[in-house]
Structures are given as C-alpha cells and as structure tokens.
Amino acid sequence: MLVIDDDDAIRSMLKELLESYKCVVHAHASPLKALEMFTREGKNFDVVLLDYYMPHMDGAKTFEWIRKINPTIKVLLCSGADELRLRQIQAQYKVDGYIRKPFRTRELISLLFKAAGRPVPAL
C-alpha cells in the first residue's frame, strides 16, 4: 500500500497501523517523491491512500498522475474535508472511495482491505 500524506503524525500512525495488519506500506509526505517511487514500482501496489489537501501538489493532480502511471490502481482519499465535498471529489475524479479524518480504525481497515480485494481482518 502507498500512503501519501503531508502530516507527519498521521502518516506515521497510518504506516504503523497498516503494518500491524501485515501490510507492506510505503509512506511519503511529498506527492512528488511518492510519484517518483510510484513510477518505478507502481505495479507493486494494490491501493493508494491519498490526502487531498497538500502543499505543492494537491490530491487531484496527484491522483491524475497516479492513474496515468497505473490506470487500474485503487485510490482512496483521506481528508478532513466535509462529506459533501468528498462526495463531489469522488464523483468528479472517479476516485474509488474516501474516508474522513478523523476516522475510526475499523472503518479505515475495512475500506482499505476491500479496495485491495483482500479479506477484511477481524478487529
């Protein structure tokens, strides 16, 4: 799984949480660094968890590049935006799903594992 979030605390927590469920996680603060790595290794990922509001390159631009590199990758937004805005973004960009910050662990794990086509672990 690839996590792209500019917030150090959230990114670190997500990496630790997902690794506790035996996921291989690459986490990046910079969308540009994440895209460099994704260009090389994009076929090795099943899901990208993408923060929508980030400096230098927002989630929409990052999403567009991710889909150019790997059109079949599942991309989920993770954002503090309100529910209506997230639904609009999902419809506009055809994102595979979203979760609002702050989120519940159970909800996040379920969403990610379903998107990856994996059985959802018991929580």
Can you get from [X] to [Y] by hopping between Ile, Leu, Val, Met, Phe, Trp and Tyr side chains that sit under 4.5 Å apart?
X   : Y   : answer
L2  : V24 : no
M13 : V3  : yes
V48 : I99 : no
M54 : I89 : yes
Y53 : V75 : yes

From [X] atom [atom1] to [Y] atom [atom2], the distance as rounded to the nearest 0.5 Å:
X   : Y    : atom1 : atom2 : result
E64 : M57  : CD    : CE    : 9.0 Å
C23 : L14  : SG    : CG    : 11.0 Å
T62 : L77  : OG1   : CG    : 10.0 Å
L50 : F63  : CG    : CZ    : 8.5 Å
K61 : L35  : NZ    : CG    : 11.5 Å
K74 : K114 : NZ    : NZ    : 13.5 Å

- Item | Closest non-hydrogen atom pair between C78 and L49, with its separation |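 Result for this residue pair: CB-CD1, 3.8 Å.
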- If we only count heavy atoms from C-beta on, is the V47 to L76 side-chain gap below 4.5 Å?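 Side chain of V47 against side chain of L76, heavy atoms only: contact under 4.5 Å found.
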- Item | Residue pair I109 / L18, side-chain heavy-atom distance below 4.5 Å |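 Yes, close enough: below the 4.5 Å cut-off.
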- Message: The criterion is salt bridge (charged side-chain N to carboxylate O under 4.0 Å, His left out); which residues satisfy it with R67, sequence neighbours excluded?
- Response: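 Once residues adjacent in sequence are excluded, the partners of R67 under the salt bridge (charged side-chain N to carboxylate O under 4.0 Å, His left out) criterion are D96.
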- Task: Tell me, please, which residues at least two apart from K101 pass salt bridge (charged side-chain N to carboxylate O under 4.0 Å, His left out).
- Result: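 K101 satisfies salt bridge (charged side-chain N to carboxylate O under 4.0 Å, His left out) with D5, D51 only.
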- Task: Would you please test F38 and I4 for side chain to side chain contact (heavy atoms under 4.5 Å, CB included) and show each step?
- Result: CA-CA 11 Å; F38 193 74; I4 308 171; over 6 Å; no
- Before giving the answer on side chain to side chain contact (heavy atoms under 4.5 Å, CB included), spell out for Q90 and L86 the whole-Å C-alpha distance, their side-chain angles and the decisive distance to 0.1 Å. CA-CA 6 Å; Q90 182 180 19; L86 286 170; over 6 Å; no
- Going by the ring pair (Phe, Tyr, Trp, His ring centres under 6.0 Å) test, which pairs reach into residues 6-36, not counting sequence neighbours?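 As it turns out, the ring pair (Phe, Tyr, Trp, His ring centres under 6.0 Å) pairs with a partner in residues 6-36, which skip direct neighbours, are H26-F45.
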- Quick one: which residue pairs count as a ring pair (Phe, Tyr, Trp, His ring centres under 6.0 Å) with a foot in residues 84-110, not counting sequence neighbours?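 Those involving residues 84-110 do not exist here.
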- Residue pairs fulfilling side-chain hydrogen bond (donor to acceptor under 3.5 Å, both in side chains) with at least one residue in residues 7-20, sequence neighbours excluded: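 Sorted pair list: D8-R11, K15-E19.
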- Task: Just grab all the side-chain hydrogen bond (donor to acceptor under 3.5 Å, both in side chains) pairs involving residues 34-47, residues at least two apart or on different chains.
- Result: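 Listed by first then second residue: D46-R118.
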